[in-house]
Amino acid sequence: GGGRRVPVRVGGRGRTAGDVAARGRLLVARGAVDEIGRLTDGLTLRAVGAIETADITVGARDELVDLARFVASRAA
């Protein structure tokens, strides 16, 4: 936190584990990780809602809902 700036580097060369860790800490401190979680939750709810109203078999519906939740859990 505290307004510390972390230099942005594009590409993999020259980037250290410390650079990556610092970027991760900055994303957490700025609330980006929490925001992505909220967005993922909202999009998952929308996807499940759309699946549940689709004109498909119950088996297909269940599989697609499971898949949507699985994909969302991988994003978290």
Side-chain angles (χ1 to χ4, degrees):
R4 180 173 171 248
R5 296 188 61 99
V6 177
V8 175
R9 293 187 182 158
V10 177
R13 293 188 178 183
R15 190 178 337 194
T16 68
D19 294 336
V20 173
R23 178 64 59 193
R25 287 188 302 274
L26 182 63
L27 290 171
V28 170
R30 300 292 169 116
V33 173
D34 290 338
E35 179 63 17
I36 290 169
R38 285 189 292 276
L39 289 171
T40 300
D41 291 346
L43 290 171
T44 301
L45 288 173
R46 286 180 56 192
V48 169
I51 293 165
E52 289 177 343
T53 61
D55 187 20
I56 55 178
T57 67
V58 172
R61 184 175 297 126
D62 291 346
E63 291 295 322
L64 287 170
V65 167
D66 287 347
L67 179 61
R69 290 183 175 142
F70 171 75
V71 169
S73 72
R74 302 274 302 170

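Just the heavy atoms: all of them, side chains too, but no hydrogens, waters or symmetry mates, feed the values below.
The minimum heavy-atom distance linking Thr44 with Ala68 is given by the pair CG2-O, 4.3 Å.
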Pair up each side-chain donor or acceptor in residues 45-53 with any protein partner under 3.5 Å, not counting sequence neighbours, and list the distances.
unit_1	atom_1	unit_2	atom_2	d
Thr53	OG1	Gly49	O	3.3
Thr53	OG1	Ala50	O	3.1

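When hydrophobic residues (I, L, V, M, F, W, Y) are linked wherever their side-chain heavy atoms come within less than 4.5 Å, Leu39 remains an isolated member.
Residue pairs meeting the salt bridge (Lys or Arg N to Asp or Glu O under 4.0 Å) criterion with at least one member in residues 34-45, sequence neighbours excluded, are Glu35-Arg38.
Side-chain atoms of Arg61 come within 3.5 Å of backbone N or O of Ala54 as a donor-acceptor pair.
Residues passing the side chain to side chain contact (heavy atoms under 4.5 Å, CB included) test with Ala21 are Arg25, sequence neighbours excluded. The side chain to side chain donor-acceptor pair (under 3.5 Å) test applied to Glu63 returns no partner, not counting sequence neighbours. In terms of the side chain to side chain contact (heavy atoms under 4.5 Å, CB included) criterion, residue partners of Leu27 (sequence neighbours excluded) are, by chain and number, Arg23, Ala32, Val33.
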